[in-house]
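Have a look at the structure below before the remarks.
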Amino acid sequence: MSSSIENKVNSLKSAIEDYNYQYYVLDAPTVPDAEYDRLMKELIELETTYPELISKDSPTQKVGGKLDSTFQPIIHLTPMLSLDNVFSSDDFLAFDKRLKNRLERDEKIEFTCEPKLDGLAISIVYRNGILEFAATRGDGKVGEDVTHNIRTIASIPLKLRGNFPSLLDVRGEVFMPKSAFEKINKDALEKGEKVFANPRNAAAGSLRQLDPSIAAKRQLAVYFYSIGSAESVELPNNHYQRLMQLKSWGLPICPEIKVAADESECLSYYQRILQNREGLPYEIDGVVYKVNSVEQQQLLGYVAKAPRWAIAHKFPAQEELTKLIAVDFQVGRTGAITPVARLEPVFVGGVTVSNATLHNMDEIDRLGVQVGDTVIIRRAGDVIPQIVSVIENKRPANALKIEIPTVCPVCSSDVERETDQAIYRCSGGLVCDAQKKQSIKHYASRKAMDIEGLGDKLVDILCDEKLVDTVVDIYRLPRESLIKLERMAEKSADNVLAAIEKSKSTTLPKFIYALGIREVGEVTATNLANKLLTIEAIANASQADLEAIKDIGEVVAHHIVSFFSNEYNKNVINELISVGVHWPEIEVLSESEQPLLGQTWVITGTLSQMSRNEAKQQLMKLGAKVSGSVSSKTHTLLAGESAGSKLTKANDLGIKVIDEEAFIQLLPSF
Ligand code: IVH
């Protein structure tokens, strides 16, 4: 064995020790779990090949984290074990096969399927039904006494109910619900304090407080998932029934737990939970399958640190390490300059990611990120990938500071910073090709003039080919020029031309929205139209007239006035009208025809008889305001199929929820 292997093993051990310390003692991990798991796997593989290199102090030789002397040690009545992992269906099927071989069974094995909660394991001992002490897992044999903090968790009973055993050591996961996590991080940001990397660290940090009044404020929760030991009670002979028994004693059990008749039902469970992951009110990082029969569990037994009868099926990691290769600056419709991170491609959250948003220069300052840095990238659900943090000790000597360009990268006009804002803008207006293209894309988009087939790519080509310079040119596109474009068949050219023609017939709110006035979204456009009724009236309105309209403040009013005082814009509007863009007169609805006036609605889930946008238009017509998120101000939630977290939140807040059928009944004409 070469000394380079020994060096490798030593460097892996010391890196893992550092990460363990940051994770378990400081509650402030510096690398994603996936990176930690990889180093651990590499070390295990080397130690398996070269067993002479295994030392007693190797991180592979213990179950959990380090102990910290702040808390009293508690020796667990029975060791707190860990779980082996699989990362693919095939590996789970291989696990299932191994179980069958070991049990010498041909028939199916029943499993209990549970979400793998991303918090920290806890053991709570109840003696004669009274909570006696609670301990963290620690190293698996000895944990830390956190009874004082555990007692503050609202859902943990201090006293068991019903026919409880004389002694019960129950195990579960303490976690911080997503909503509580968002709140404490928001409060911490406002106070300029340190934010927690994720809900798990926030939960761990809360349990490690000496002062229980801090933990009490953190809104922790718990779900129990196994029994360590129980005395003077006959326990049911399957795991699921045992969980139900715990529930009957007043201990909270995760409502997503299900029994699967065989391995294929386990895999369907995995898919279902993965799909619903974002909608769950707590973080999970996979699912756990446990052989349901206790008799079979006993036959299968344990390996060193984990039961043979259970396995965690992990979801693809949502956080990964990669390198920031470069930062490009993109110019948006209103000239706002957004830094975009170009990354070394990395597989994260189930897809390969090579770009991430950096939002603005303040975000770059906050992260302290430089080109060349190793960064943690996060992709959760369908959210745009984000850079979470920088691994500063991996910064190369040639790392480059990120500077905002002084001139626009597209048109070379000056870049200006808005007072008091993090936003830099290109001052070129429609001289800037980027702004021009974006404003044409916006004009053609679905919620604006809805020109089907005139998508982002075609707009880029039309502008690059100088066939379109302003939105008016869309209506003057010669068929011959369109057909000549690469990959544009006659049929698709005709379809685009038909869609352009169709778009001439629109509504005033859509037209105003399509103009792309700064900060005038659909709602403001609708309010403007309903209040002022004609484009002339809107164009001639004074700052004061505008500020008198609902939801229009000083800044938005200023943007509207300055838009309409620009000669170029006025010409474009006149020309659009002269090429045939038109809309019906606005019907003036009396208050009685706007029965939802003053109400705020939220739409969620999938609607079957109309699009969400149509539902929104209908609601706005009836006077309602439509918002994107549920809060105590929400009047009603319209919930379609597969509604997720918004529905849960509405139910939690006791907000009225109606389905699509009931909504349609409300509409005067549908
Ligand atoms: S059972 C004997 N069930 O995952 C088996 N663990 O990687 C002990 N965890 O230490 C664990 N959700 O902190 C089990 N439904 C669940 C779980 C779960 C999360 C955690 C627990 C454990 C770790 C093992």
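Hydrogens, waters and symmetry mates play no part in the numbers below; they use all other heavy atoms, side chains included. Both ligands and their constituent atoms are indexed starting at 1 by order of listing. Computed from a predicted model, the values in this text were never measured in an experiment. Just so you know, residue 1 is the first one in the sequence shown, and it goes up from there.
Salt bridge Lys100/Glu263: present, at least one basic N to carboxylate O contact under 4.0 Å. The pair Lys13-Glu47 does not count as a salt bridge, with every side-chain nitrogen at least 4.0 angstrom from each carboxylate oxygen. Look at Lys314 and Asp33 and you find no salt bridge, because none of the NZ, NE, NH1 or NH2 atoms lies under 4.0 Å from a carboxylate O. Here Lys290 pairs with Glu114 in a salt bridge; the nearest charged N to carboxylate O distance falls below 4.0 Å. With salt bridges taken as basic N to acidic carboxylate O contacts below 4.0 Å, one links Lys41 and Glu45. Electrostatic pairing of Lys258 and Glu265 does not count as a salt bridge here, judged by no charged N lying under 4.0 Å from a carboxylate O.
Remark: distances from the non-hydrogen atoms of Met80 to ligand 1 are all 4.0 Å or more. Residue Ser226 places no heavy atom under 4.0 Å from ligand 1. Using 4.0 Å as the threshold, Ala306 has no heavy atom nearer than that to any atom of ligand 1.
Close approach of ligand 1 to Pro115 (heavy-atom distance below 4.0 Å) involves ligand atoms 12 (N), 15 (N). Every atom of ligand 1 with a heavy atom of Glu173 under 4.0 Å away is listed here by number and element: 9 (N), 13 (O), 19 (C), 20 (C), 21 (C). In the vicinity of Arg137, heavy-atom distances shorter than 4.0 Å reach the ligand 1 atoms 10 (O). Under a 4.0 Å criterion applied to the non-hydrogen atoms of Ala121, ligand 1 contributes the atoms 10 (O), 13 (O). The Glu114 neighbourhood of ligand 1 comprises atoms 3 (N), 15 (N), 16 (C), with distances under 4.0 Å to a heavy atom of that residue.
The nearest heavy-atom contact from the protein to atom 22 (C) of ligand 1 is Tyr225 OH, 3.9 Å. In this structure, atom 19 (C) of ligand 1 lies nearest to the protein heavy atom Leu117 O, 3.1 Å. The protein atom (non-hydrogen) at minimum distance from atom 8 (C) of ligand 1 is Leu81 O, 3.9 Å. The nearest heavy-atom contact from the protein to atom 5 (C) of ligand 1 is Leu83 CD2, 3.9 Å. At the top of the distance list for atom 3 (N) of ligand 1, counting protein heavy atoms only, stands Lys290 NZ, 3.0 Å.
Glu110 and Asn292 share a side-chain donor-acceptor pair at under 3.5 Å. Side-chain N/O atoms of Glu144 and Thr136 include a donor and acceptor closer than 3.5 Å.
Considering backbone and side-chain N/O of Pro307, none are found under 3.5 Å from N/O of ligand 1. Not a single N or O atom of Leu120, backbone or side chain, sits closer than 3.5 Å to an N or O atom of ligand 1.
Residue Asp96 holds its CG atom at 11.0 Å from CD1 of Ile311, rounded to the nearest 0.5 Å.
Of the residues Tyr289, Phe92, Phe315, Phe111, the one that meets the ring pair (Phe, Tyr, Trp, His ring centres under 6.0 Å) test with Tyr270 is Phe315.
Ala121 and Met80 get closest at one heavy-atom pair: CB-CE, 3.8 Å.
Residue contacts with ligand 1 for Arg171 are absent, since no atom lies close enough (heavy atoms, distance under 4.0 Å). Contact annotation: for Lys116 versus ligand 1, heavy atoms closer than 4.0 Å belong to both the backbone and the side chain.
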